[in-house]
Structures are given as C-alpha cells and as structure tokens.
Amino acid sequence: MDVIEQLDALRGAHRAVEAAAYVDFKSGTVLASSAVIAPPQERLDALCETAGHLLDGPAGQAVQATMLSPAEAIVIQRADDTAGEALCLICAANADLADLGAAAKRLVTEIGGR
C-alpha cells in the first residue's frame, strides 16, 4: 500500500479526520495528502510549516502536538524526536484525540520505517 492509500485508509477508519497530510517539515514539503475535499495547497503548506515550529522549534523537540479551535482539531505526529517527517491530521472539533493520536503514531512509524 502506498502512502496515499494509507492516508485514505486512516481517514476511512476515523471518520472525524477530514484531511491527512504526510509532510517533510525540515524541507517544507507536503509529500502526500488525502482529503474528502482537498484543502488549498497554501493550507497544507502552512500546516507543514506549523509542524516544524511545534515539533522542532525554539521551545525544543516534541513528537506530538495538538491544536484546538471551536471549528477543528489538528493533530501533528512524528515517529520520534529525530524524524523530519510528520503526519498532520485536520479533524472535526469533537474528534477523539487520544484515539487519533495513537492511530497517527502507528501510521507515521509505519510510513517512516519504509
């Protein structure tokens, strides 16, 4: 299964996920994405940049970040604190974030292990 098929499968298994993107935040590149309605490329690029700031920014390194607003939740996950790639999920505001975080961790680890 290629990366886009894996992102599609994640969205299929978790209906709260509206869009998923696999990004290389160190180079600022969206490597693959999957969505019901594709977000504008500028939105995906901004999400990639945000992943870099949150996971590898001045505050230190993290493996997961979550952003919440009344309209949506965004989960950003990388396999470990040295990886330059991350999985970014744009979800419904009422999504089960613990479940999505675990699913994101499994998938980004699997994709990164190729």
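Residue numbers run from 1 in the order of the sequence given.
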Measure from the side-chain N and O atoms of [X] to the backbone N and O of [Y], and report whether any donor-acceptor pair falls under 3.5 Å.
X: Thr29; Y: Leu31; answer: no
X: Lys26; Y: Glu85; answer: no
X: Arg78; Y: Ala83; answer: yes
X: Gln77; Y: Val63; answer: yes

If you round to the nearest 0.5 Å, how far is [atom2] of [Y] from [atom1] of [X]?
X: Met67; Y: Cys91; atom1: CE; atom2: SG; value: 10.5 Å
X: Glu5; Y: Asp2; atom1: CD; atom2: CG; value: 4.0 Å
X: Leu87; Y: Ile111; atom1: CG; atom2: CD1; value: 6.0 Å
X: Gln6; Y: Ser34; atom1: CD; atom2: OG; value: 11.5 Å
X: Cys88; Y: Leu55; atom1: SG; atom2: CG; value: 7.5 Å
X: Leu100; Y: Ile74; atom1: CG; atom2: CD1; value: 12.5 Å

Identify the two heavy atoms, one from [X] and one from [Y], that lie closest to each other, and give their separation to 0.1 Å.
X: Ala35; Y: Arg11; result: N-NE, 3.5 Å
X: Cys48; Y: Phe25; result: O-CB, 3.5 Å
X: Gly101; Y: Val75; result: CA-CG1, 4.4 Å
X: Pro39; Y: Ala19; result: CG-CB, 4.1 Å

Please examine the side chains of [Y] and [X], heavy atoms only from C-beta on, and report whether any two atoms are closer than 4.5 Å.
X: Ile76; Y: Thr66; answer: no
X: Val17; Y: Ile90; answer: no
X: Leu44; Y: Val23; answer: no
X: Tyr22; Y: Val108; answer: yes
X: Leu107; Y: Thr109; answer: no

Cluster question for you: counting only ILVMFWY and a side-chain heavy-atom cut-off of under 4.5 Å, with indirect links fine, are [X] and [Y] together?
X: Val3; Y: Val30; value: no
X: Leu10; Y: Leu97; value: yes
X: Leu7; Y: Leu47; value: no

- Where do Glu49 and Arg43 land on the salt bridge (charged side-chain N to carboxylate O under 4.0 Å, His left out) test, with the steps shown first? CA-CA 10 Å; Glu49 183 178 348; Arg43 174 102 197 269; over 6 Å; no
- Query: Which residues pass the side chain to side chain donor-acceptor pair (under 3.5 Å) test with Gln41, sequence neighbours left out?
  - Reply: Asp45
- Query: With sequence neighbours excluded, what pairs up with Thr50 under the side chain to side chain donor-acceptor pair (under 3.5 Å) test?
  - Reply: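 Not a single residue meets the side chain to side chain donor-acceptor pair (under 3.5 Å) criterion with Thr50.
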- Each residue besides Val36 in its hydrophobic cluster should be listed here, by chain and number; the cluster joins Ile, Leu, Val, Met, Phe, Trp and Tyr at side-chain heavy-atom distances under 4.5 Å. Ile37
